[in-house]
Amino acid sequence: MQAFSIKTKNISIMADYNFREIEQKWQSYWKEKGTFKAEVDPNRPKFYSLDMFPYPSGAGLHVGHPLGYIASDIVSRFKALKGFNVLHPMGYDSFGLPAEQYAIQTGQHPAITTEQNITRYTEQLKNIGFAFDWDREVRTSDPAYYKWTQWIFMQLFKSYYDLDANKALSIDSLIERFETLGNKSVKAVSDEDTPVFTAEEWKAFSEKEKQEILLKYRLTFLAETTVNWCAALGTVLSNDEVKDGFSERGGHPVERKKMMQWSMRITAYADRLLQGLERVDWAEPIKEMQRNWIGKSIGADVVFQVKDSDKKIKVFTTRVDTIYGVTYLALAPESDLAASLITEDQRATAEAYIEVAKNRSERERMSDVKTISGAFTGSYAINPFNGEEIQIWVADYVLAGYGTGAVMAVPAHDERDYNFAKHFGLEIRQVIEGSMENGSFPGKGGFIINSGFISNMYMKEAMAKAIAFLEEKGIGKGKIQYRMRDAIFTRQRYWGEPLPVYFKDGLPYLVEEKDLPLVLPEVDKYLPTEDGEPPLGRAKDWTYKTAEGEFPLEMSTMPGWAGSSWYFFRYMDPNNDTAFADKIKTDYWGAVDLYIGGSEHATGHLLYSRFWTKFLHDIGAVHIDEPFQKMINQGMIQGRSNFVYRVKGTNQFVSHGLKDQYDSFAMHVDVNIVHNDQLNLDKFKAWRPDLADAEFILEDGKYICGSEVEKMSKSKYNVVNPDDIIERYGADTLRLYEMFLGPLEQFKPWNTNGIDGVYKFLRKLWNLYHNSAGDFQVSNAPATKEELKALHKAIKKMEEDMANHSFNTSVSSFMICVNELTALKCNKREILEPMAILVSPYAPHIAEELWSLLGHSESITKATFPEFDEKHLVESAFEYPVMINGKMRAKLNLSLSLTVQEIEKAALADEAVQKWLEGKAPKKVIIVPGKIVNLVV
RNA sequence: GCCGGGAUGGUGGAAUAGGUAGACACGCAAGACUUAAAAUCUUGUGGGGGAAACCCCGUACGGGUUCGAUUCCCGUUCCUGGUACCA
């Protein structure tokens, strides 16, 4: 009877670490109990942990994607154990080009592919055991979501940027001011060509004229703009979607083209976007990238009169202090003014030059910086400071898109101007004290010479005087110029949010809010129409009906960044039908406390989100002004390819170490059939039919593969799928291993060479709670000093690592702790309970299982993080390294209560030390108690 | 070109306030268990010399500061990310 019962027990409870069973069990438990449901709770501090919005691609997740999610999951779970109310959501940026390209090829509606991809992504994410509140999932392509993307667009349309208030204000308030005062006194961000008018003139304008003027102020507006046109994709692209003259997605050529486009007046926020960077805790390089992208320059506009003409040329310069050194003006080839200034005697050469320069592609111009080219127009301008006549040139080093498209050239103090002047034999006139031996020099802050009334001054003073002169004469003013351009907001594509806009008399009007969402219509094909309209031109009845009649709706859709610029607010209140999110909720959750994602979004998403947040702040919709308080940029996981070496002309494969003895060539082999660089021969034969009868030349009985770090891609057979790792080792091992691989921010190749160690760790952890028969067994006996010390070392380390986001070192410290406890044969509840909590953020499934075996009925996620107590780590003795001249020569175990004199005495008495001292007394003795002894002889 | 980040054993990496370089893990080697293999466990493992004690060298390279430098400073090389005629 006795024997029988034991046997039954062994069979029923005997438990090796069975990750499959455990992980499924707890994932279902979390789902059923709604463990990670987050609700507003004013009595608890909040923590908002966010991952960058994924685009659900058809390829599914590979092992690199979850890296950041695992890190944020660990932080989220840790914060919850620390008593925080954690918001940790996940959702999908589900509008995008790949689904549409696929739709064009197959005719399948992008919504269907997108849905399939999301299902796959969600399944993969759930297998990893993330503490996401899945009830908050959002999708940008869901009408209930994009209703509010459209709503935000409408608010932008109804707003302008007021420079006195330094915020966005309603366009209605602007109209009121126009009606009473005209626009002369209005300081607002508007188009360059905005006319000045009085109240009377305003009132006399027609409805059409009024709307045209208002468009020059609206924060989102329709205007003729030079855009990046990608013919292959049939759409315009934003600057951050273009890399080296080619589209980021697909690598198609991109050209500059003038088109009527919707834009967002992000430039109005340039300065606040710059200022705000001071207040966020981001990695410095990302901030620097944004600063460069915004590109603030402080300088002045200067107007040059064209000689014998009423034409004027406005230039922007950051160095008015060098204005007496100007020896020519240069205009961009695209400039209409340049063409009009060409005189008869220069016509042939200048026009030919403009023709060539204009038609050179952006890419050509960029890659060919060294070649200096230009042409004299034949016209002269007058330098307003000294009345000198200077030549006006056309030069392709001047960009039409920056400043005024014209520069005042100071060859002595600007390298490009210098090279140009040298090349064409133009005058070089020095106006700052210094040596011209090595060509031009910027001489910033230098002493000004040969410069009329600003001579004998330093830069700062000279600039102030020169600007005062310009303003007094009405021929210029101090100005701040930004490199950043307004963001194009339309794409001539199907799979995006429709703009809630219709056209009347050729002018845009908003649809009424009650008609939102303006749902994406069905079309027969996802291609442009025959007459070049965007795909929405194919939709039937794509019109808007008002009391006045039926009007055509806008046919372009919003760009990919629209939906992702505000999704972090929607997570706070994902199902709200009356607002994009309830104010009480946005007030409570506030800014994202930790944002983890790649640095590739530095100048796109991260800038646009900040812009929209500031706008929503201005209109009183949210109280925060910066969306992401702290950000960590995880490094990309690269692929690590494996190779086999085929002997030429045979079906023989030679192992890596022997390949040089044969005439062989390398061939990619699927990394999933290679373990620790050793090829699984059976799986290799089964991999492809032509390899079934492959033969091998082995070294030490093994086939060793070569390896190389490359991008993770299907064609290189180096894609590792998280599901495969989970199938083999479990989600907890995957989570631990991704963290163990190295610092989160670092770029690193994925290889599974070390994964066994992490898996072994989990088994050792499991064994602490089980006896050798595999039965759960913990003791209630009090813990020993050593056991407590091992535990508290780990607690301390984890606390520190969490503060520094050093996840890899925490995994090591868990291993050390488990190794120590195993050596101590510890199975005390007093140790093992806190131990389970400690590892639970990293390995939540096994931790839940152990926690429940320990007799707890509630999830371990509701436990409290163990309190660190320094007293367990206090040592009474220390093994001093004793150094002679900085080299470690002896070790000395001494009590920490010894005084410096006593330590010195003990050190000098040591045998090994005596040998090195050779009987002499040390010249100098350095003793740092608890650290080191160093003797100088 | 300009602005960042980096370089540590065979490999991933550690050293968080200048104080024992190489924690932890992989791999490798030897041993135990096994008919055998796998798994597991034990021991060793930066390089060179030595039977050993121990000695010399060693954190990309060259200098410097310091009693003491992977850590701070100056210079060089290589890798890597961003950006590109921005007036």
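We name chains A, B, ... by the order of the sequence lines, and we start the count at 1 in each one. Only a predicted model underlies this, so the values are computations on that prediction, with no experimental measurement involved.
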Sugar-phosphate only, base, or nothing, as touched by Arg640(A) at under 4.0 Å among non-hydrogen atoms: nothing
Nearest to side-chain heavy atoms of Leu399(A), which nucleotide of C85(B), A14(B), C56(B): C85(B)
Atom pair CE (Met636(A)) and CE (Met712(A)), whose distance is rounded to the nearest 0.5 Å: 10.5 Å
Identified side-chain contact (heavy atoms from CB on, under 4.5 Å) counterpart of Arg640(A) within the set Thr752(A), Asn751(A), Val674(A): Asn751(A)
For U65(B), the Watson-Crick or wobble partner whose two distances fall under 3.5 Å: none
Heavy-atom protein contacts under 4.0 Å, nucleotides 22-34 of chain B, coded B base, S sugar-phosphate only, - none: -BBSSSS------
A29(B) pairs with, by Watson-Crick or G-U criteria that keep both distances under 3.5 Å: U43(B)
Qualifying residues under side chain to side chain contact (heavy atoms under 4.5 Å, CB included), relative to Ala71(A), sequence neighbours excluded: Ile596(A), Met739(A), Leu744(A), Phe807(A)
Given G13(B), C86(B), G4(B), the nucleotide with the shortest approach to the side chain of Arg483(A): C86(B)
Residue matched to C2(B) through Watson-Crick or wobble contacts both under 3.5 angstrom: G82(B)
Atom-pair distance (CD1 on Ile480(A); C1' on C86(B)), nearest Å: 15 Å
Touch class at under 4.0 angstrom, heavy-atom based, for Pro743(A) against every strand present: sugar-phosphate
Rounded interatomic separation in angstrom, taking OH from Tyr402(A) and C1' from U83(B): 15 Å
Closest to the Pro285(A) side chain, choosing from A87(B), U20(B), G4(B): G4(B)
Value in whole Å for how far the C1' atom of G12(B) lies from CD of Gln746(A): 10 Å
Side chain of Arg416(A) - closest among G12(B), A87(B), U20(B): A87(B)
Residue matched to G58(B) through Watson-Crick or wobble contacts both under 3.5 angstrom: none
Between N or O atoms, less than 3.5 Å apart, protein on one side and nucleotides 67-72 of chain B on the other: list the pairs.
unit_1, atom_1, unit_2, atom_2, d
C67(B), OP1, Lys924(A), NZ, 3.4
C67(B), O2', Asn934(A), ND2, 3.4
C67(B), O2, Asn934(A), ND2, 2.5

Touch class at under 4.0 angstrom, heavy-atom based, for Arg763(A) against every strand present: sugar-phosphate
Sugar-phosphate only, base, or nothing, as touched by Trp916(A) at under 4.0 Å among non-hydrogen atoms: sugar-phosphate
